[in-house]
Amino acid sequence: ETGVTQTPRHLVMGMTNKKSLKCEQHLGHNAMYWYKQSAKKPLELMFVYNFKEQTENNSVPSRFSPECPNSSHLFLHLHTLQPEDSALYLCASSQEGLAVEQFFGPGTRLTVL
Amino acid sequence: AQSVTQLDSHVSVSEGTPVLLRCNYSSSYSPSLFWYVQHPNKGLQLLLKYTSAATLVKGINGFEAEFKKSETSFHLTKPSAHMSDAAEYFCVVSVPTGANSKLTFGKGITLSVRP
């Protein structure tokens, strides 16, 4: 595996379900990110982790719970979501420093019924 | 604070004709700028980046962009469009925030290529 991988690629869940999204980066990076991409809206940064520590939470509702057990893995735990949470969730990683690009996974297409 | 403006939400060109995707930015610092491309059901792929070196930046797949500080622009161009260029394109500005760099994305431009 190379780059940034995400599983599952598609997920349909009810509002009372609990599910998790998984991201893994094989690039030796030390920073990882969750983004939400909704139709007709700019990419929204949700969470940032540096060296496994959360460094940014952009006022994300508590029904989204991130977990970063090590620098290569990032999870997004989902609980009691709303239909408006349906979106493409993208994971990214970077070797943190100044002005470095981020490398993105293919995303998980989430549909909340 | 920084921001990115992509005035065009949709651009349509014929195959073999030039592509111009416009981007203007606002930043309190000397920014780094990126263009990413997203094909349907795929993640974002970096096309090119500007990090205060040469103002004309060449990227993958024949794309290039020119940083113009006086115009606060970073437009993306390609001399001849291919059908495979049809995708969504995002202009991104990055500024340092402590130990991190924060990316701000534009709303994206959908490029259609007509046969």
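The sequence lines fix the lettering, A, B, ..., with proteins before strands; numbering per chain opens at 1. Predicted model, so just to flag it, every value in this text is computed and none were measured.
Cluster membership for L110(A) and V4(A), using ILVMFWY side-chain heavy atoms within less than 4.5 angstrom, is not shared. The cluster map of Ile, Leu, Val, Met, Phe, Trp and Tyr, joined by side-chain heavy atoms under 4.5 Å apart, puts I60(B) and F74(B) in the same cluster. Cluster annotation: M46(A) and M32(A) are assigned to the same hydrophobic cluster (Ile/Leu/Val/Met/Phe/Trp/Tyr, side-chain heavy-atom contacts under 4.5 Å, transitive). Tracing side-chain contacts under 4.5 Å through hydrophobic residues (I, L, V, M, F, W, Y), one never reaches I109(B) starting from L90(A); they form parts of separate clusters.
Within the 4.5 angstrom heavy-atom criterion, only side-chain atoms of Q38(B), from C-beta onward, approach chain A.
Shown here is M83(B), whose CE atom has more than 12 heavy atoms of other residues, nucleotides or ligands within 6.0 Å.
Considering all non-hydrogen atoms of both residues, E101(A) and Y36(B) come closest at CB-OH, 3.6 Å. In plain terms, the two heavy atoms of F104(A) and L44(B) that are nearest each other are CB-O, 3.4 Å.
The side-chain heavy atoms of P106(A) and K42(B), taken from C-beta on, include no pair separated by under 4.5 Å.
If you tally non-hydrogen atom pairs under 4.5 Å between each of Q37(A), R9(A), Q6(A) and chain B, the highest count goes to Q37(A).
Just one of V92(B), L103(B), L46(B) meets the side chain to side chain contact (heavy atoms under 4.5 Å, CB included) condition when paired with Q102(A); it is L103(B).
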